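Scroll down for the structure; my scribbles are underneath it.
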Amino acid sequence: MKSLTTYSENDRILLGGIVILHVKKIIVVLIGAVLNAIAMNFFLIPANVYASGFTGTAQLLSSIFGGYISTGILLFILNIPVTILGWFKVGKSFTIYSFFSVLSMSIFLEVIPIIGVSQDILLNAVFGGVIAAVGVGLTLKWGASTGGMDIIAMVLSRMNDKPVGTYFFTLNSIIIISAGYLYGWEKALYTLVALYASTRVIDAIHTRHEKLTAMIITKKADELKQAIYSKLVRGITTVPAKGAFTNENKELMIIVITRYELFELEQIIKEVDPKAFTNIVQTAGIFGFFRRD
């Protein structure tokens with residue numbers, strides 16, 4: 001292994017940036033795990049309202065077993081086969097961070113006491129659903145998941161290019177039906193409220209499915225193309241352009257990206273050609289090949 005002194009200054013800056021990125025991701029995953037544990041132990045579990053995904057499944061199974069096996073332990077067990085699926089279908093880095101998220105959440109569920117903050121079941125359903133969704137959305141946005149149904153929803157979202165919240169809602173129907181059958185349909189309806197709140201918040205935070213079209217007018221098209229290709233795996237269409245007032249020859253570059261890639265594209269343009277004019281427009285739909293992952 002090379003010592004740090006053998007790397008060039010650029011290599012050290014790049015290495016430092018990678019380390020900082022991973023540290024930030026670990027912190028975000030931990031925050032997401034804490035938020036999910038708080039939502040469960042302060043709001044959803046005391047009110048017998050069920051969470052989304054495998055967390056709700058673990059919660060339901062724990063109730064069926066009379067609480068002899070905790071939600072945290074069941075959550076960890078349920079995620080083992082799905083972790084294997086994520087390893088092959090979603091990506092190794094994503095799966096590693098997802099497993100770390102599940103492990104952290106299982107620990108926080110055991111450590112944080114179950115305390116009923118409110119006696120109002122509707123408030124518990126809404127606040128529990130929203131807080132849990134913020135934890136899930138942040139974790140997804142930083143390239144991990146809270147495990148279980150998150151991974152299944154991510155696989156389906158990439159296959160069909162649809163919002164993950166839609167799949168969460170569909171896959172969670174079994175939890176609503178089971179909760180209603182076992183504990184009364186009123187609990188099922190409140191679970192539906194929590195799931196709906198979670199769905200809306202997750203889709204508001206996790207926006208990878210949203211597409212944008214960037215139209216860049218620049219005099220440094222070659223340098224900009226190389227810089228974009230080095231960071232983003234996206235196709236670029238170039239069109240000759242001329243300034244109507246200056247008569248200067250320029251190029252118009254057209255590129256379709258996801259909303260997640262917008263920040264990186266902005267940084268590339270600022271570094272290569274700060275004088276470039278860029279117009280970002282919302283893309284209603286796309287036909288033809290577009291890399292989904």
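What you see is a predicted model, and the numbers here were worked out from it, not measured in a lab.
- Put simply, the side chain of Ser63 reaches to within 4.5 Å of the side chain of Tyr50, judged on heavy atoms.
- Within 6.0 Å of the CD atom in Glu186, the count of heavy atoms belonging to other residues, nucleotides or ligands does not exceed 12.
- Phe76 and Phe99 have their aromatic ring centers within a separation under 6.0 angstrom.
- Clustering ILVMFWY residues whenever any of their side-chain heavy atoms sit less than 4.5 angstrom apart, transitively, puts Val272 in a cluster other than the one holding Phe277.
- Interatomic distance, CD1 of Ile31 versus CG of Asn36, reported as 12.5 Å (0.5 Å rounding).
- Note that OG1 of Thr278 is 11.0 Å distant from CD1 of Ile255, once rounded to the nearest 0.5 Å.
- In this structure, the side chains of Ile280 and Thr213 stay at 4.5 Å or more apart for every pair of heavy atoms.
- A distance-only check finds no donor-acceptor pair linking the side chain of Ser198 to the backbone of Ala133 [under 3.5 Å].
- For the pair Ile121 and Ala47, the tightest heavy-atom approach, listed with the atom from each and the gap, is CD1-O, 3.8 Å.
- To the nearest 0.5 angstrom, Leu192 atom CG is 11.0 Å from Ile177 atom CD1.
- Ile216 and Val239 fall into different hydrophobic clusters, where Ile, Leu, Val, Met, Phe, Trp and Tyr side chains are chained together by heavy-atom contacts under 4.5 Å.
- Between the CG atom in Leu75 and the OG1 atom in Thr57 there is a gap of 9.5 Å [rounded to 0.5 Å].
- Leu74 pairs in a side-chain contact (heavy atoms from CB on, under 4.5 Å) with only one of the listed residues (Thr55, Asn79, Ile69), which is Ile69.
- The closest side-chain heavy-atom distance from Val256 to Arg234 is not below 4.5 Å.
- A side-chain donor-acceptor contact under 3.5 Å links Asn41 to the backbone of Leu109.
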Test log, rule side chain to side chain contact (heavy atoms under 4.5 Å, CB included), inputs Lys225 and Met253: CA-CA 9 Å; Lys225 278 186 287 187; Met253 302 172 61; 3.4 Å; yes
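- Surrounding CZ of Phe127 are at most 12 heavy atoms belonging to other residues, nucleotides or ligands under 6.0 Å away.
- Contact between Gly32 and Thr139 at its shortest, heavy atoms only, is CA-OG1, 3.8 Å.
- Note on Leu138: it clusters hydrophobically with Val23, by side-chain heavy-atom contacts below 4.5 Å among ILVMFWY residues.
- Taking a cutoff of 4.0 Å between a charged side-chain nitrogen and a carboxylate oxygen, Lys219 and Glu248 qualify as a salt bridge.
- The closest side-chain heavy-atom distance from Ile38 to Phe108 is not below 4.5 Å.
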Apply side chain to side chain contact (heavy atoms under 4.5 Å, CB included) to residues Asn279 and Val281 and explain how you reach the verdict. CA-CA 7 Å; Asn279 182 27; Val281 296; 3.7 Å; yes
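- Rounding to the nearest 0.5 Å gives a distance of 14.5 Å between NZ of Lys242 and CD1 of Ile217.
- Linking ILVMFWY side-chain heavy atoms closer than 4.5 Å, directly or via other members, places Val28 and Ile26 in a single hydrophobic cluster.
- Considering every non-hydrogen atom in both Trp185 and Gly180, the closest pair reads CE3-CA, 3.4 Å.
- Looking at Glu271, its side chain never comes within 3.5 Å of a backbone N or O of Ala227 through a donor-acceptor pair.
- Annotation: side chain of Ile236 is not in contact with side chain of Ile254 (no heavy-atom distance under 4.5 Å).
- In terms of heavy-atom proximity, Ala132 sits nearest to Ala39 at N-CB, 3.6 Å.
- The nearest pair of heavy atoms linking Ser106 to Gly72 is OG-O, 3.2 Å.
- Using a distance-only test at 3.5 Å, with no hydrogens or angles considered, a donor-acceptor pair links the side chain of Gln59 to the main chain of Ala51.
- No side-chain heavy atom of Ser98 sits less than 4.5 Å from a side-chain heavy atom of Thr83.
- Screening Leu30, Val130, Val134 against Leu35 for a side-chain contact (heavy atoms from CB on, under 4.5 Å) leaves a single residue, Val134.
- Asn48 contributes no side-chain N or O that, together with a main-chain N or O of Leu44, makes up a donor-acceptor pair within less than 3.5 Å.
- Side-chain contact of Glu251 with Thr218: a donor-acceptor pair under 3.5 Å is absent, judged by distance alone.
- Under a hydrophobic clustering in which Ile, Leu, Val, Met, Phe, Trp and Tyr are joined whenever their side-chain heavy atoms come within less than 4.5 Å, directly or via other members, Leu252 and Ile268 fall into different clusters.
- Not a single donor-acceptor pair under 3.5 Å links the side chain of Asn124 to the backbone N or O of Val49.
- Rounded to the nearest 0.5 Å, atoms CZ (Phe100) and NZ (Lys25) are 12.5 Å apart.
- Proximity of Ile257 to Lys211: side-chain heavy atoms (C-beta onward) are nowhere separated by under 4.5 Å.
- Contact check for Leu61 versus Leu78: side-chain heavy atoms found under the 4.5 Å cut-off.
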